Q: 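Please find one structure pasted underneath; my questions will follow.
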Amino acid sequence: MDERYDPKKVEPKWQKQWAEKNLYKTRFDESLKKFYCLEMFPYPSGKIHMGHVRNYAIGDVIARYKRMRGHNVLHPMGWDAFGLPAENAAIKHGVHPSKWTYENIAYMKGQLNKLGLSYDWDREVTTCSPEYYRWNQWFFLRMLEKGIAYRKSSYVNWCPSCETVLANEQVIDTRCWRCDSVVVQKELFQWFLRITQYADELLAACDGLTGWPEKVVLMQKNWIGKSYGVEVDFRIEGSDEHIRIFTTRPDTLFGATFVCLSPPHPLSALLVPDRVELEAITSQYGKVDEKIGLFTGRYCINPVNGEKIPVYIANFVLMEYGTGAIMSVPAHDQRDFDFAKEYDLSIRQVIAPEENVGAGLVPAQGSGQPQGLSLHAAFEDEGVLVNSGSFSGMRSDAAREEIAKYLEAKGLGKKMVNFKLRDWGISRQRYWGTPIPVVYCEKCGIVAVPGKDLPVILPEDVRFTGKGGSPLLDSTSFLETACPGCGGKARRETDTMDTFVDSSWYFIRYCFGKDEPGLDAKMKSMSRELGYWMPVDQYVGGVEHAVLHLLYSRFFTRVIRDLGITGCSEPFSNLLTQGMVIKDGAKMSKSKGNVVDPDYLIDRYGSDTSRLFSLFAAPPEKDLDWSDKGVEGAYRFLSRVWNLVFKNRGVLKGTGTIAARGPETAALSEEGRRILRKTHQTIRKVTSDIEKEYHFNTAIAALMELVNEVTGFEPRSEADIEVLKSAVENTLLLLAPFTPHIAEELWEATGNRPFISGRQWPAWDEGLAKDEEIELVIQINGKLRGKLMVPFGLSDEEIKKLALGDGKTAEWTSGKSIRKVIVVRGRLVNIVVG
RNA sequence: GCCCGAGUGGCGGAAUUGGUAGACGCAAGGGACUUAAAAUCCCUCGCGGGAAACCGCGUGCCGGUUCGAGUCCGGCCUCGGGCACCA
């Protein structure tokens, strides 16, 4: 054994041995209790960053811990390998996306292995390989059959810089999530997946996500955005047509003073004969900073009071939500209020605050203006109805229900539920993605590629100019094909799939290992592998995927369930969203110049130190403040552990392992008893910190305390030596999930056979962990006045007597009467005097 | 604007979920070893007062409940995150 800790010698040695023995290979064995531990797979951008190190260190601790607890652990890794950066690299540097991607994967895989992560690499997936993406295509065809995949023309978010469509989730603050360009609206034919069909189920199941952070569940709920309301028809005056609106506030129906249509609404073209005017307003559709309207010159009739109100086209009314038309109640909706002010439309209050009604401050009957009050803004709260015919005087929440019932009874409207969630547009006008397996035939129209012809291979021989649309448009060998239906001339779909499709089911692909999943065959009976491994027991990743990836995965899993492939609905039982890695007050990024290079870190301190620091500096869910000095502290701690073993290498190697046996406490020195107790307390503390909340920071702190104590321990007897050995071996076992290399090396150095990773997690003895004495705190009137060492396990009466007999107590209580004495067992005594 | 979180030493963070505030680590100061430096080891380390024992104050601010509040309740302030014409 070397005198000094040198991770450069230790780490490659064990990485080599783990790989040679294929130690982390997982076998499908239904007799064992499984644990599926998964971290979000990376995009192979070139090199890993500290965020990855943290993410994968957290996951690896969990996987290694669960293995030591006797679980059959599935812990796989792969590559989210399709995506725009590869294509941008092709345009910029002339390197093919495939070459670029696979080279990055090779490099990054080396980096992950240098971190000592315990993956079963036999299950590695690479989403850009035809073996993977053929199943994307297969799922697409199944969805096409079931009507879940469909094509429609719609307004889509278009990134002019990336020249592609973006899903709503990919638009951040009106900008492209990837390149930050301002997104514009464009009308295009696109492929969609009908995620809205699962909206209700996805929402209802949110309440079952008890292992997820509440914050994430809430974000999912808000994104799905279920709201209850009514649809009401407003007849257009002088026409048989009517405008169907959706509102969540039927209680304000009497206050509707105009109706607005979305520019793309079919009735807009009908009511506005002037093409130029309509186009002008349509071009403003989706513009967020300004409300623009166009009066159609037409009127419609409010069905509850027969009132004639004007019809506008308004740029802020969304075609994709509700019916694409709204009733406007400026008195009770701020957006309508702003619009009414701009176009000088009347504002009529129909809900008054309850306290105003009591004070007689209600709007005069028939007038729009409240008596003694004028509205400066919309009143959106609950209140009491006024100016609302027979509903006046009713509370707004009750009126919402009553008016809805009234409308239904009269056949004027219908209760309706709406969701914010839209169908998922998956078409991307890009090369580096999964080809959508359909062809366009001159005779037959849209034809699905038959399953036997899958995969539709992405052609390699394309040119990347960076101009215009997808390079696939120039690839005649790809483009021109025969129609699977009639054999005639057909053209392939050139759009590829959103890469979020790839990541929506990769956790299912892992379950099959190297084997072809053969989903076609699995249709007949549910796959046993899938049934065994799914759902993922612990998923670990960044919170930035709280909506997009997680929602899509929940959707895909349900579709796969409904195809009869799995019985599992919810893919991730427990979710841990780790915080960001911060340095100098900002998230690490190249543009900020505050990145720490994992390669440098591993080279200088080793991966055990890198892992240890990123686990110790903060609990996993919180942001981690990077500190170069803190890293050195972690290295110092590992060196101290090394030195402890080195110093005692003679005795540690000599005695047989006694970790399981508690030596006779009588033969121990007092110090020996203390170390033994501390050892068992530490096993208990580390175990519960991992089990409870994955609070590795406090677990590591406890290990540091133990090592600090053991370092000063001078054994005086054979029994003491056994205690020392037990303390050291338990330290190494507890350390193994966090810093596996040094744990293996020192495990071997203390005369044990490899591998520590395969050992059982230590158990503590509650009796040995028990304190002999406790420090009794004495409070007078809640203030700390003294401390007393007392034997463990005294009765309340005995404790009280001791506390009252203490000299300190007498000083503080003299001349006062004792009103009350409160005893908190094992903690403190509070004496109340007055 | 709406919906969530979070505010504890010089810093990162602990505190059996109502019971000793500041574990552990970093930084800082002092000391030992060394020709010297690095490394290592030991001591001090919330603020104020005191030579000391000790005393007072202290978990963003104000109030409340309680024998006792970082923790519970009410009201504010600040910061962070998510959503944002969803009718």
Side-chain angles (χ1 to χ4, degrees), chain A residues 4 168 172-174 213-219 221-223 225-227 229 245-249 252 260 262 286-291 314-318 320-329 332-336 338-339 377 380 418-422 543-544 546-547 579-580 582 612-613 616-619 621-634 636-637 639-640 643 685 688 695 697-708 711-712 775-787 819-834:
Chain A
R4 278 184 61 112
N168 282 322
I172 314 290
D173 225 21
T174 76
E214 281 177 48
K215 179 179 73 171
V216 177
V217 176
L218 200 72
M219 282 164 73
K221 283 183 178 176
N222 290 342
W223 192 268
K226 186 176 189 175
S227 46
I245 63 97
F246 172 76
T247 180
T248 54
R249 293 291 305 270
T252 64
C260 291
S262 178
K287 193 178 174 187
V288 287
D289 47 357
E290 201 182 353
K291 289 187 174 49
N315 73 326
F316 68 93
V317 178
L318 303 172
E320 292 80 14
Y321 184 76
T323 59
I326 59 165
M327 68 168 189
S328 292
V329 185
H332 304 293
D333 183 296
Q334 192 57 41
R335 294 159 301 181
D336 297 343
D338 296 342
F339 192 86
E380 297 183 330
N418 266 306
F419 293 92
K420 280 193 206 177
L421 184 70
R422 312 280 158 77
V543 73
E544 64 273 19
V547 180
M580 291 183 300
I582 305 285
L612 188 71
F613 175 73
F616 174 66
E621 71 279 4
K622 287 184 75 173
D623 286 349
L624 184 154
D625 222 9
W626 192 263
S627 151
D628 293 334
K629 291 289 187 184
V631 176
E632 286 183 23
R636 269 201 292 271
F637 168 67
S639 296
R640 282 212 308 277
N643 296 340
K685 170 82 175 146
S688 80
H695 277 188
N697 56 330
T698 50
I700 292 165
L703 277 163
M704 287 172 168
E705 281 188 58
L706 176 62
V707 170
N708 288 346
T711 300
E775 194 182 43
L776 182 72
V777 167
I778 301 174
Q779 292 186 338
I780 313 286
N781 285 347
K783 280 203 187 295
L784 177 79
R785 293 303 178 199
K787 291 173 183 178
R819 298 245 164 105
K820 206 173 178 183
V821 179
I822 291 143
V823 178
V824 182
R825 287 264 301 276
R827 297 231 144 245
L828 58 76
V829 177
N830 188 14
I831 300 162
V832 185
V833 297

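Computation of the quantities below employed the complete heavy-atom set of this structure, encompassing side-chain atoms and omitting hydrogens, waters and symmetry-equivalent molecules. In what follows, chains carry the letters A, B, and so on, assigned in the order in which the sequence lines appear, proteins first and then strands, with residues in each chain numbered from 1. Bear in mind the structure is a predicted one, so any value in this text is a computation, not a measurement.
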Q: In whole Å, what separates the P atom of G50(B) from that of A38(B)?
A: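 Straight-line distance between the two P atoms is 36 Å.
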Q: From the options C4(B), G56(B), G82(B), select the nucleotide whose nearest atom is closest to the side chain of Lys215(A).
A: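 Output: C4(B).
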Q: Measure from NZ on Lys226(A) to P on A87(B) and round the result to the nearest Å.
A: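 Taking NZ of Lys226(A) and P of A87(B), I get 14 Å after rounding.
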Q: As an exercise, state the distance from NE2 of His695(A) to CD1 of Ile700(A), rounded to the nearest 0.5 Å.
A: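 These two atoms lie 12.5 Å from each other.
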Q: Would you indicate which nucleotide in A84(B), A87(B), A39(B) comes nearest to any side-chain atom of Trp223(A)?
A: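 Nearest nucleotide to the side chain: A84(B).
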Q: Taking CG from Asp625(A) and P from U8(B), how many angstroms apart are they, rounded to a whole number?
A: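 Nearest whole value for this atom pair: 13 Å.
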Q: In whole Å, what separates the P atom of U71(B) from that of U16(B)?
A: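 Their P atoms lie roughly 13 Å apart.
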Q: With a 4.0 Å cut-off on heavy atoms, is Val317(A) in touch with a base, just the backbone sugar-phosphate, or nothing at all?
A: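 Touches a base.
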Q: Across the strands shown, which category fits Ser639(A) at heavy-atom distances under 4.0 angstrom: base, sugar-phosphate, nothing?
A: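 The residue Ser639(A) makes no contact with any strand.
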Q: Quote, to the nearest angstrom, the C1' distance that separates G56(B) from G60(B).
A: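 It works out to 22 Å between them.
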Q: Determine, for nucleotides 19-28 of chain B in 5'-to-3' order, which nucleotides have protein heavy atoms under 4.0 Å from the base (write B), from only the sugar-phosphate (write S), or from neither (write -).
A: BB--BBSSS-
Q: Using a 4.5 Å cut-off on heavy atoms from C-beta on, say whether the side chain of Ile326(A) contacts that of Asp333(A).
A: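 No, their side chains stay 4.5 Å or more apart.
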Q: Can you tell me the distance, in whole Å, between the CG atom of Leu218(A) and the P atom of C3(B)?
A: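 So the CG-P distance, Leu218(A) to C3(B), works out to 11 Å.
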Q: How does RNA chain B look in dot-bracket notation if pairs are Watson-Crick or G-U with both distances under 3.5 Å, crossing ones as [ ], other-strand ones as |?
A: (((((((..(((......[....))).(((((.......))))).((((....))))..(((((..]....))))))))))))....
Q: State, to 0.1 Å, how close Trp223(A) and Lys420(A) come at their nearest heavy-atom pair, and which atoms those are.
A: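 For Trp223(A) and Lys420(A), the tightest heavy-atom pair comes out as O-CB, 3.6 Å.
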Q: With sugar-phosphate meaning primed atoms plus P, OP1 and OP2, does Glu621(A) contact a base, only sugar-phosphate, or nothing at under 4.0 Å between heavy atoms?
A: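 Contact class for Glu621(A): none.
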Q: Rounded to the nearest 0.5 Å, what separates atom CE in Met704(A) from atom CZ in Arg640(A)?
A: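 Answer rounded to 0.5 Å: 7.0 Å.
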Q: Taking all non-hydrogen atoms of both residues, which atom of Asp336(A) and which atom of Met327(A) are closest, and how far apart?
A: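 Heavy atoms of Asp336(A) and Met327(A) come nearest at OD2-O, 3.9 Å.
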Q: What's the CG-P distance between Asn781(A) and A69(B), to the nearest Å?
A: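 Atom-to-atom, Asn781(A) to A69(B), this comes out as 11 Å.
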Q: Any non-hydrogen side-chain atom of Gln779(A) less than 4.5 Å from a side-chain atom of Ile822(A)?
A: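 No. Closest side-chain heavy atoms not under 4.5 Å.
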Q: Between G25(B) and G58(B), how far apart are the two P atoms, rounded to whole Å?
A: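 Here G25(B) and G58(B) have their P atoms 29 Å from each other.
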Q: Can you measure Asp623(A) atom CG to G7(B) atom P for me and round it to whole angstrom units?
A: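 After rounding, the reported distance stands at 13 Å.
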Q: Roughly, in whole Å, what's the span from CG in Asp628(A) to P in C11(B)?
A: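 Going from Asp628(A) (CG) to C11(B) (P), I get 19 Å.
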Q: What is the distance, to the nearest angstrom, from the CZ atom on Phe316(A) to the P atom on A84(B)?
A: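 Result: 18 Å.
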Q: Quantified in whole Å, what is the C1' atom distance between nucleotide G10(B) and nucleotide C2(B)?
A: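 The answer is 38 Å between these two C1' atoms.
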Q: Where each residue is assigned the nucleotide of RNA chain B containing its nearest heavy atom, which of Tyr321(A) and Ala617(A) is assigned the position nearer the 5′ end?
A: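 By nearest-heavy-atom nucleotide position, the 5'-most residue is Ala617(A).
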Q: In whole Å, what separates the C1' atom of C55(B) from that of G7(B)?
A: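 Comparing C1' positions in C55(B) and G7(B) gives a spacing of 30 Å.
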Q: When you compare U59(B) with G9(B), how far apart are their C1' atoms, in angstrom units rounded to a whole number?
A: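 Taking atom C1' in both U59(B) and G9(B), they lie 10 Å apart.
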Q: Relative to Phe316(A), does Lys291(A) satisfy both conditions: NZ or CZ under 6.0 angstrom from the six-membered ring centre, and within 45 degrees of the ring's axis?
A: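 Pair Lys291(A)/Phe316(A) counts as cation-pi.
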Q: Are Lys622(A) and Asn697(A) side-chain neighbours, meaning at least one heavy-atom pair lies under 4.5 Å?
A: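 Not in contact.
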Q: Could you check how far CG of Asn222(A) sits from C1' of G82(B), rounded to whole Å?
A: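 Value for this atom pair: 8 Å.
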Q: Is a side-chain N or O of Ser262(A) found less than 3.5 angstrom from the main chain of Val317(A), in a donor-acceptor match?
A: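 Here the side-chain-to-backbone pair exists.
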Q: Which value, in whole Å, describes the distance between the P atoms of nucleotides G22(B) and G70(B)?
A: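 To the nearest whole Å, 12 Å.
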Q: Just by distance, do the side chain of Asn418(A) and the backbone of Ser227(A) share a donor-acceptor pair under 3.5 Å?
A: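 Side chain of Asn418(A) to backbone of Ser227(A), a donor-acceptor pair under 3.5 Å: no, none is there.
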Q: Decide yes or no for Ile831(A) and Arg785(A): does some side-chain heavy atom of the first lie under 4.5 Å from some side-chain heavy atom of the second?
A: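 They are not in contact (no side-chain heavy atoms under 4.5 Å apart), so the answer is no.
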Q: Report which part of the nucleic acid Arg785(A) touches: base, sugar-phosphate, or nothing (heavy-atom distance under 4.0 Å, all strands).
A: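 Sugar-phosphate, no base atom in range.
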Q: What form does the base of G9(B) take, syn (within 90° of 0) or anti?
A: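 Classified syn.
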